[in-house]
Amino acid sequence: MIVVMKTGSTKQDVEHVVQLVREMGLKEHIIVGEERTVVAVIGNDRFKDRTVLESAPGVDKVVPILAPYKIASREVKKERTTVSLGKTDASIGGKRIGVIAGPCSVESKPQLLEIAHAVKESGAKGLRGGAFKPRTNPYSFQGLAEQGLELLALAREETGLAVVTEVMSIDQVALVHRYADVLQVGARNMQNFNLLNAVGEQDKPVLLKRGMSATLEEFLLAAEYIMAKGNTQIMLCERGIRTYEDYVRNTLALAAVPELHRVSHLPVVVDPSQGTGKSQLVDSMCRAAIAAGADGLIVEVHHDPEHALTDGAQSITPQQFDQMMKSISRIAAAVDREM
Ligand code: PEP
Ligand code: MN
């Protein structure tokens, strides 16, 4: 349930509500809105008596939250959440669209720096690149690990781009946190609940990818795990789901964008690279994602896709990325967004 405070309720009123919530054995999550404060009650409140909250001073009303996720729900917070990208002035979730671009994997210093400078030049705000790669085949390239993270930090120093990189397990969280601006939780880990809890305890934003067979409700419950631990800086990333269709690697479910916006206040980022698996489809899907209301994009770019160590088939070149940025800026303007 959520406790909606009256406009003009005092800090003491809110503190009293918090105390009552805790006495019920539940937890609170306070959201200070522009007009009024809302106290979201976290935990299983199905059999709790809410009349005591209803009659507390400063309380306007107590409303049940219908969705199983609470802090991630639009019922709790009407205003959209914006997530800042590291120390840059860019954020994702506002009027301005944020684009994160870079190679699937960090392969070498010249590779990463060449791509980082190129995407920066074309208007990207974040630099992606995996140092720890979740590979289907154990004999495939697994990433450069800490050396890859060091290269990402160097690229940030040279370009000012915010670093977005994947953390695959709890024991990597501290290390990745030291180098990254945004912690990426991959599709294969969307329901790694221990990892979700661990990134929930960090003070850096999380890019949470949708599991390839997860429903939107499961996706939002994964976000809820992170938020329940105190980290509310989350970007939801639609990266395509596994279907019977085989002309693409994954089926990019773009209807998820408006639907996630309807039920949640969290920003939505679309990954058309994993979402299609084919470089020639990336540009169109970027435009479609922006038209559907996406707050950001994460795109794989490689200067030599044919020789990329991972995901070359879905990587666009820096020149194609530059074209794509120009074409999405026209779509952005048409849907009242900015680049
Ligand atoms: C990636 O971004 O390279 C990646 C592995 O993504 P996903 O977790 O969506 O498959
Ligand atoms: Mn990839």
Side-chain angles (χ1 to χ4, degrees), residues 92 99-107 111-112 115 119 124 126-138 140-145 148-149 152 162-169 172 176 180-192 195-196 199 205-214 216 218-219 222-223 226 234-243 248-254 256-257 260 268-279 281-282 285-286 289 294 296-317 321:
I92 290 188
V99 179
I100 300 161
C104 176
S105 305
V106 179
E107 298 171 8
Q111 174 246 16
L112 187 65
I115 298 167
V119 299
L127 173 66
R128 63 149 294 144
F132 293 102
K133 294 303 301 178
R135 304 307 305 284
T136 301
N137 185 331
S140 303
F141 176 62
Q142 303 282 313
L144 296 180
L149 296 171
L152 285 164
V163 166
V164 182
T165 195
E166 179 162 356
V167 53
M168 281 172 55
S169 65
Q172 292 167 358
V176 175
D181 297 299
V182 176
L183 306 169
Q184 176 176 330
V185 173
R188 291 155 191 82
N189 268 317
M190 190 208 82
Q191 282 190 321
N192 180 340
L195 180 62
L196 299 177
V199 297
V206 176
L207 180 93
L208 176 65
K209 295 243 185 151
R210 177 184 183 182
M212 58 187 91
S213 62
L216 284 198
E218 288 162 343
F219 188 19
I226 301 170
I234 300 177
M235 291 170 262
L236 300 169
C237 179
E238 171 58 60
R239 47 79 71 208
I241 51 174
R242 178 76 59 98
T243 69
V248 278
R249 179 180 176 193
N250 291 293
T251 298
L252 188 60
L254 283 180
V257 178
L260 287 169
V268 181
V269 170
V270 170
D271 178 345
S273 308
Q274 327 301 320
T276 62
K278 293 196 172 163
S279 60
L281 298 176
V282 168
M285 289 301 99
C286 285
L297 298 170
I298 178 164
V299 183
E300 288 183 345
V301 178
H302 200 287
H303 64 295
D304 183 8
E306 275 186 5
H307 297 103
L309 294 183
T310 58
D311 286 351
Q314 65 194 36
S315 299
I316 57 173
T317 62
F321 179 73

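Not measured: the values here are computed from a predicted model. In listed order, ligands and their atoms are each counted from 1.
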Relative to the heavy atoms of [X], which atoms of ligand 1 are at a distance of less than 4.0 Å?
| X | value |
| --- | --- |
| Q184 | 1 (C), 2 (O) |
| G186 | 8 (O) |
| C104 | 3 (O) |
| R239 | 7 (P), 9 (O), 10 (O) |

Closer than 2.8 Å to the Mn ion (ligand 2) - protein N, O or S atoms, ordered by chain and residue number: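 Within the sphere that stays under 2.8 Å of the Mn ion (ligand 2), the protein atoms of type N, O or S are C104 SG, E300 OE2, D311 OD2.
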Within the 4.5 Å heavy-atom criterion, are [X] and [Y] side-chain neighbours or not?
| X | Y | value |
| --- | --- | --- |
| V299 | C286 | yes |
| M285 | V270 | no |
| L196 | V206 | no |
| L207 | R128 | no |

K133 bridged to E166 by N-O distance under 4.0 Å: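 Looking at E166 together with K133, the answer is no, because their closest N to O distance does not fall below 4.0 Å.
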Holding to side chain to side chain contact (heavy atoms under 4.5 Å, CB included), I want the full list of residues that pass it with [X], two or more places apart in sequence or in another chain.
| X | value |
| --- | --- |
| L281 | V248, T276, K278 |
| A124 | A101, V119, L161, F321 |
| Q111 | P103, E107, S108, I115, H302, H303 |

Heteroatom distance test (A187, ligand 1): nitrogen or oxygen, under 3.5 angstrom: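 Among all N and O atoms of A187, at least one is under 3.5 Å from an N or O of ligand 1.
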N/O separation below 3.5 Å, R188 to ligand 1: yes
From Q274 atom CD to C237 atom SG, the distance as rounded to the nearest 0.5 Å: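 Interatomic distance, Q274 CD to C237 SG, rounded to 0.5 Å: 8.0 Å.
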Sub-4.0 Å heavy-atom approach of K133 to ligand 1: yes
Worked check of side-chain contact (heavy atoms from CB on, under 4.5 Å) between R242 and S213: CA-CA 6 Å; R242 178 76 59 98; S213 62; 5.6 Å; no
[atom] - nearest protein heavy atom and its distance:
| atom | value |
| --- | --- |
| atom 6 (O) of ligand 1 | K209 NZ, 3.0 Å |
| atom 2 (O) of ligand 1 | R128 NH1, 2.8 Å |
| atom 1 (C) of ligand 1 | Q274 NE2, 3.3 Å |

Nearest non-hydrogen partners of N192 and M168, listed with the distance: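 Scanning both residues completely, I find the closest heavy atoms to be ND2-O, 4.2 Å.
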Ligand 1 contact on E300 by region, counting heavy-atom pairs under 4.0 Å: side chain
